[in-house]
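Whatever order the structure lists ligands and atoms in, that order sets their numbers, starting from 1. From a predicted model like this one, the values you see are computed outputs, not experimental measurements.
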Amino acid sequence: MGFKVGLLGLGTVGAGTVQILQTPDQRHPLLTELEIHKVGVRSLSKARDVSVPSSILTTDLASIVNDPEIDIIVEVMGGIEPARELILTAIANGKHIVTANKALIAKHSDEIFSAAEKHGVYVLLEAAVGGGIPVIEPLKQSLCSNRIQSVMGIINGTTNYILTRMVNEGAEFADVLADAQRLGYAEADPTADVDGGDAADKISILAALAFGGRVDRSQVSCEGIREVGRSEIAYAEKLGFVIKLLGIAERSDSAPNTLAVRVHPTLLPKSHPLANVNDVYNAILVEGDPVGQVMFFGRGAGAGPTASAVTADLLNIAALLKVGRDCAKQADGTPLLDPLLACAYRQEFAIAPLETLESKFYARFLTQDLPGVIGKLGTCFGDHHVSLESIVQADKRDGLAEIVVVTHVVKEGDFRSALAEIEQMNVLSSIASVLRVLPT
Ligand code: NAP
Ligand code: HSE
């Protein structure tokens, strides 16, 4: 008996998935039991990277999620609507779901997982975070007896690719973004990559799974890489750092059931395990008790790696269907789901406000080149309980002095109030850049 798959989308990830399903040789034998039954697209006339019979291509996606013959829906179309509505209909029709759609899961997981539980189906999302890196199922299963303390990582391939080429080649941001789009790494709207929204979706998902609770994505702050220019890259290098866009989630000491979850460009010491993760590669560093540090590394975007994760989820569901485990019924008749594979929230988390978090900061000021300016800055920081690790005056730029400050670990609120006072100083021309620094 085979399993019929309905594919919503045949773009980068959809085509990569078809490519694996059509070439099962030397892969897992269960792949041969998966049959692509229908494929939903926007345009029937578009040239495709893979060949599928025209008889199974359709623009009527509702006909796929309502097709009684289909067992598993693979949603690789992206966006919120109509993907959300189609997935909910498929679930109501008793179909299992595999999705790569982190934007949808980050914002609507509650509704989707509740519906899945009600109808006794699985919603698997390995491809939603880290492309080809197995991290979702390891968090749900292999690491699930740990008390997780933190999850942090480089979880956007497009921005890591851009930053790496800016560092290595001095390449221009816009040119490298166009290459990332051509290579299939970027989202349909690449502002989600560049402005940190995609990474914020992913860290929200990782936090929810790692800490076992609901995370309100709208409370997760995100800053992208637009402000990271040549000067910051050069100063980071001089100071012994590299700049990476990090998603960070950790338990907060400030209140119970509270997490600190955010995305921002970060100066990492060159010795940090994430500092040498370059190009489209992603890496996720998990810290748990008692396991300690575990790092996951691999290609974070692109057709092949992402399809590897999609097809792994497909095989997981096919394996469960094959051994008939989902045939076990609960008292109300709902199929009994594998508790490690199904997603469920055990609690609701609050997100700690940024001002309450502690971090080291890097800031670059352009000031008048007058005696006493460094002293004024130092005094102002001191008045706001911000202790400085270093303060250096670099070359003059357009007749202005360039002063670079790195703080010790300080409260963000204190640092911001010092900046607000510095902004009023008449010797200041501009605060050219403010970035966070990961403590060693
Ligand atoms: P894509 O190349 O833009 O492909 C999207 C596909 O969905 C296309 O085939 C498109 O049809 C179809 N589609 C979209 N909206 C539709 C609609 N309203 N009706 C019918 N068909 C529709 O996107 P992708 O890069 O494969 O990404 C797909 C999903 O995977 C997204 O959620 C993305 O975030 C996620 N993801 C992508 C990557 C990656 O590296 N690209 C990695 C991980 C996760 P047409 O082809 O006819 O236009
Ligand atoms: N646009 C995403 C990225 C795709 O660049 O990481 C993988 O989720």
Side-chain angles (χ1 to χ4, degrees), residues 6-19 38-50 52 57-65 74-87 98-108 125-133 135-136 153-164 176-177 179-203 205-206 224-225 245 247 263 277 279-284 298-310 313:
L7 208 56
L8 306 180
L10 190 58
T12 303
V13 183
T17 302
V18 170
Q19 156 77 13
K38 273 186 185 163
V39 181
V41 290
R42 253 198 223 103
S43 159
L44 294 176
S45 56
K46 197 166 168 178
R48 303 284 167 190
D49 291 341
V50 285
V52 291
L57 269 186
T58 177
T59 56
D60 180 3
L61 276 60
S63 73
I64 303 180
V65 295
V74 175
E75 185 276 302
V76 282
M77 60 189 292
I80 303 297
E81 295 295 355
R84 173 187 152 277
E85 195 61 51
L86 290 164
I87 284 180
V98 173
T99 180
N101 193 337
K102 54 271 162 139
L104 178 65
I105 293 297
K107 293 171 190 85
H108 295 282
L125 51 132
E126 188 58 74
V129 182
I133 306 173
V135 62
I136 299 282
I154 296 168
I155 46 180
N156 182 268
T158 301
T159 45
N160 205 35
Y161 176 78
I162 294 173
L163 288 173
T164 304
V176 196
L177 174 59
D179 285 346
Q181 289 177 290
R182 191 177 41 75
L183 290 163
Y185 301 158
E187 295 303 300
D189 175 0
T191 55
D193 298 294
V194 172
D195 293 332
D198 177 75
D201 291 338
K202 290 168 176 169
I203 196 67
I205 294 172
L206 290 178
I225 63 163
L245 185 69
V263 169
V277 175
D279 297 305
V280 75
Y281 282 89
N282 283 192
I284 298 115
R299 284 180 194 270
T306 313
S308 158
V310 167
D313 282 348

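Checking atom 11 (O) of ligand 1 against the protein gives a heavy-atom contact under 4.0 Å. Protein heavy atoms are found inside the 4.0 Å sphere centred on atom 25 (O) of ligand 1.
Contacts between V280 and ligand 2, counted as non-hydrogen atom pairs separated by less than 4.0 Å, are absent for every part of the residue. Proximity of T306 to ligand 1, defined as any heavy-atom pair under 4.0 Å, is confined to the side chain (atoms from C-beta onward). Counting heavy atoms closer than 4.0 Å to ligand 2, residue A186 contributes backbone atoms (N, CA, C, O) but none from C-beta onward. The residue E81 has no part lying near ligand 1, judged by heavy-atom distances below 4.0 Å. Of the heavy atoms in A188, none comes closer than 4.0 Å to ligand 1. At a heavy-atom cutoff of 4.0 Å, ligand 1 is contacted by no atom of A83, backbone or side chain. Contacts between D198 and ligand 1, counted as non-hydrogen atom pairs separated by less than 4.0 Å, are absent for every part of the residue. At a heavy-atom distance under 4.0 Å, only side-chain atoms of D193, from C-beta outward, approach ligand 2.
Scanning all protein heavy atoms for the shortest distance to atom 2 (O) of ligand 1 gives T12 N, 2.9 Å. Considering only non-hydrogen protein atoms, atom 28 (C) of ligand 1 sits nearest to V76 O, 3.3 Å. Of all protein heavy atoms, the one lying nearest to atom 31 (C) of ligand 1 is G78 CA, 3.5 Å. The single protein non-hydrogen atom nearest to atom 37 (C) of ligand 1 is V13 CG2, 3.4 Å, given as residue, atom name and distance. Protein heavy atom closest to atom 41 (N) of ligand 1, with residue, atom name and distance, is G184 O, 3.0 Å. Of the protein's heavy atoms, T158 OG1, 2.6 Å lies nearest to atom 5 (O) of ligand 2. Atom 8 (O) of ligand 2 has K102 NZ, 2.5 Å as its closest protein atom, hydrogens excluded (heavy atom only).
The closest heavy-atom contact to atom 34 (O) of ligand 1, among the options E75, E126, E187, R42, comes from E187. Nearest to atom 5 (C) of ligand 1 by heavy atom, out of R48, K102, R299, M77, is M77. Taking only non-hydrogen atoms, the option from G11, A100, G9 nearest to atom 35 (C) of ligand 1 is A100.
Here's the thing with P82: none of its N/O atoms is less than 3.5 angstrom from an N/O atom of ligand 1. Between K202 and ligand 2, at least one pair of N/O atoms sits closer than 3.5 Å.
Taking D189 as the reference, T191 meet the side-chain contact (heavy atoms from CB on, under 4.5 Å) condition, with sequence neighbours excluded.
We find that D201 and K107 are joined by a salt bridge, their nearest charged nitrogen and carboxylate oxygen being less than 4.0 Å apart.
Note on ligand 2: G131 sits outside its first shell, no heavy atom being nearer than 4.0 Å.
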